[in-house]
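The structure under discussion appears below in the form of C-alpha cells.
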Amino acid sequence: MPNSAQNFNQRVIEEFRANHGRVGGMFEGARLLLLTTTGARSGEPHTTPLGYLHGESGEMIVIASAGGAPTHPAWYHNVRANPKVTVESDNFTYTAEARVLVGEERDTVFRRAAVADPGWQEYQDNAGRTLPVVALTMVDGGPNAEGGWGDALVAIHATFRRELALVRAEVAASGGSIGAQLRINCLSVCEGLHTHHHHEDAGVFPSLAEGNPELRPALERLGEEHKEIARLVDELQAVIREDDRTPAELLATVDRLIADLEAHLDYEEEHLVPVLNGLSLDG
C-alpha cells in the first residue's frame, strides 16, 4: 500500500478509536469498522478501516473493493489465509470468523449492497474484477468499558442510539422505496433491542432488585417500558414488511420508537449506572 494510503488509513483508525467509532469528513454518518487481520506473509496484525453492511443473520458484511483498484486488497488475502479476525465497531471489540461468500449467496448480497449504494457497482466496474464479499460473524467479545458494568451499559446504549439515527436518516432519504438492505438494517436494530431487553428482564433486573431493594420501583417501570418498546418494535417490523405504507408512516413509526427509547435509556442510565459501576467487569 502506498505511503499516502497508509497515512490516510492511520488517521482514520486514530480518529475512530478516539471517538468511539465516529469518523468525520467523507465517513460522516457511515457504518464503519476496523478489521484487524493477520498478515498472510508477515504474520503481523494489519488493521484496515472498512465500510460495512448488516447481514440477514446478524453478521457484518464487508466488500473487498480497494476503492475500485484492479487487485484485491491485502486484508482479503489475509482472511483467506487466516479467517480469525478482530473487529472494532462503535463501542465494541470482538473476535470474529471471516467467511468469503461464493456463488448465488455472494451475488445476492452484492446486488443488495449495490441497490442501497450504487458506489459499490461503480467500484466493481472500475476495478474490472468481481469484488469479493466477506461475512464477519462474532465469536466473542463485548463493549469497550474500563470501569464497571454501568459504563458497559452506556456503551451498549450509545450503539443503539447511533444505529437508530442512521436508520432514521436512511428512511428519510429513501424516497418511499424501502429496499432490501434498509429492511435488514431496521430488523437488525429491532432484533438487537429485543435481545438486550430480554437479557435485562431475565437476568440483570432480578439480580439488581434482589441486592438493591431501593431500585425496585425504577426496575418495575423499566420492565413496563420494555413492553411498550417491544410493541413499537413489532409495529416497525410490520411497517417495513408492508409495501403499501407511505414513507411518512414509516418515518413516524421510527420517530416514535426513537423518542420512547431515548427517554427509556436516559431513565435507565440515571438510575442504574451508579449501582452497576460498583460492580467490577471482572467480577
Does the side chain of Arg162 reach to within under 4.5 Å of the side chain of His157, using non-hydrogen atoms?
-> no
Salt-bridge present (Arg168, Glu262; N to O < 4.0 Å) | no
If you draw a 6.0 Å radius around CD in Glu104, do more than 12 non-hydrogen atoms from other residues or ligands fall strictly inside?
-> yes
Any donor-acceptor pair under 3.5 Å linking the side chain of Arg129 with the backbone of Gln124?
-> no
Between atom CG of Leu222 and atom CG of Asp201, what is the distance when rounded to the nearest 0.5 Å?
-> 9.0 Å
Do Val79 and Val85 have side-chain heavy atoms sitting under 4.5 Å apart?
-> yes
Any salt bridge between Lys227 and Glu224, counting N to O under 4.0 Å?
-> yes
Are the side chain of Arg31 and the backbone N or O of Gly51 linked by a donor-acceptor pair below 3.5 Å?
-> no
Between CG of Leu257 and SG of Cys190, what distance do you get to the nearest 0.5 Å?
-> 6.5 Å
Does the side-chain contact (heavy atoms from CB on, under 4.5 Å) test come out yes or no for Asp266 and Glu270, once each step is laid out?
-> CA-CA 6 Å; Asp266 289 343; Glu270 177 186 355; over 6 Å; no
d(Ile63 CD1, Leu131 CG) to nearest 0.5 Å is 7.0 Å
If we only count heavy atoms from C-beta on, is the Tyr52 to Leu35 side-chain gap below 4.5 Å?
-> no
Could you tell me whether Arg22 sits above the aromatic face of Phe16, with NZ or CZ closer than 6.0 angstrom to the six-membered ring centre and within 45 degrees of the axis?
-> no
Kindly say whether the aromatic ring centers of His20 and Phe92 come within a distance under 6.0 Å.
-> no
In one Ile/Leu/Val/Met/Phe/Trp/Tyr side-chain cluster, 4.5 Å: Leu153, Tyr267 = yes
Can you name the nearest heavy-atom pair linking Gly24 to Glu15, along with the distance?
-> N-OE2, 2.9 Å
Verify side-chain hydrogen bond (donor to acceptor under 3.5 Å, both in side chains) between Thr47 and Thr36, making sure each step is shown before the conclusion.
-> CA-CA 4 Å; Thr47 301; Thr36 299; 2.7 Å; yes
Is the backbone of Ile229 close enough, under 3.5 Å, to the side chain of Asp260 for a donor and an acceptor to pair up by distance?
-> no
Check whether any side-chain heavy atom of Tyr94 sits under 4.5 Å from a side-chain heavy atom of Asp140, and report yes or no.
-> no
Over all atoms of both residues, closest heavy-atom pair of Pro217 and Pro213 = CD-O, 4.1 Å
Report whether Ile184 and Val189 are members of the same hydrophobic cluster (ILVMFWY, side-chain heavy atoms less than 4.5 Å apart, transitive linking).
-> no
Find out whether the Lys NZ or Arg CZ of Arg106 is both under 6.0 angstrom from the six-membered ring centre of Phe110 and within 45° of the ring's axis.
-> yes
Heavy atoms of Pro49 and Val12 approach each other most closely as CB-CG1, 3.7 Å
dist Leu232:CG -> Asp255:CG (nearest 0.5 Å) comes out at 11.5 Å
Please determine if Glu97 and Lys84 form a salt bridge, counting it only when a charged side-chain N lies under 4.0 Å from a carboxylate O.
-> no
Positive for side-chain hydrogen bond (donor to acceptor under 3.5 Å, both in side chains) with His196, one of Glu200, His199, His198 | Glu200
Given side chains that start at C-beta, do those of Val87 and Thr93 come closer than 4.5 Å, heavy atoms only?
-> no
Considering only NZ, NE, NH1 and NH2 on the basic side and carboxylate oxygens on the acidic side, decide whether Glu228 and Arg256 come within less than 4.0 Å.
-> no
N/O donor-acceptor pair under 3.5 Å between Asn19 side chain and Gly21 backbone | no
How close do Arg216 and Ala209 get, heavy atom to heavy atom, and via which atoms?
-> NE-O, 3.1 Å
Verify same cluster id: Leu187, Phe160 (apolar side-chain graph, 4.5 Å) | yes
Any side-chain heavy atom of Asn82 within less than 4.5 Å of one from Thr37?
-> no
Taking 4.0 angstrom as the limit, do Glu235 and Arg231 come out as a salt bridge?
-> yes
Going hydrophobic residue to hydrophobic residue with side-chain gaps under 4.5 angstrom, can you get from Leu136 over to Leu101?
-> no
So Glu122 and Asn126, side-chain hydrogen bond (donor to acceptor under 3.5 Å, both in side chains) or not? Walk me through it.
-> CA-CA 6 Å; Glu122 293 176 11; Asn126 292 337; 5.7 Å; no
So, Glu59 side chain and Ser57 main chain: donor-acceptor pair closer than 3.5 Å or not?
-> yes
Going through the checks in order, is the side-chain contact (heavy atoms from CB on, under 4.5 Å) test met by Glu105 and Arg99?
-> CA-CA 12 Å; Glu105 183 183 19; Arg99 180 173 67 90; 3.0 Å; yes
Are the charged groups of Arg112 and Asp107 less than 4.0 angstrom apart, N to O?
-> no
Any Val233 side-chain heavy atom under 4.5 Å of His194 side chain | no
Same apolar cluster (I L V M F W Y, side chains within < 4.5 Å links), Tyr76/Val109 | no
Within-4.5 Å side-chain heavy-atom neighbours: Glu269 and Val154 | yes
Checking side-chain contact (heavy atoms from CB on, under 4.5 Å) for the pair Val134/Ile61: CA distance, chi angles, key distance, verdict?
-> CA-CA 6 Å; Val134 179; Ile61 302 295; over 6 Å; no
What orientation do His197 and His264 show, parallel under 30°, tilted 30 to 60°, or perpendicular over 60°?
-> perpendicular
Separation of Leu50 CG from Ser89 OG (nearest 0.5 Å) = 11.5 Å
Ion pair present between Glu225 and Arg221, side-chain N to carboxylate O less than 4.0 angstrom?
-> yes
With a cutoff of under 4.5 Å between side-chain heavy atoms, which Ile, Leu, Val, Met, Phe, Trp and Tyr residues group with Leu166?
-> none
Taking all non-hydrogen atoms of both residues into account, name the closest pair between Cys186 and Val167 and its distance.
-> SG-CG1, 3.6 Å
Should Trp149 and Asn277 be marked as a side-chain contact (heavy atoms from CB on, under 4.5 Å) after you check the CA-CA gap, both sets of side-chain angles, and the distance that decides it?
-> CA-CA 5 Å; Trp149 286 108; Asn277 269 343; 5.8 Å; no
Interatomic spacing from CG in Leu53 to OG in Ser188 - rounded to 0.5 Å = 11.0 Å
Arg17 (side chain) donor-acceptor with Glu88 (main chain) under 3.5 angstrom = no
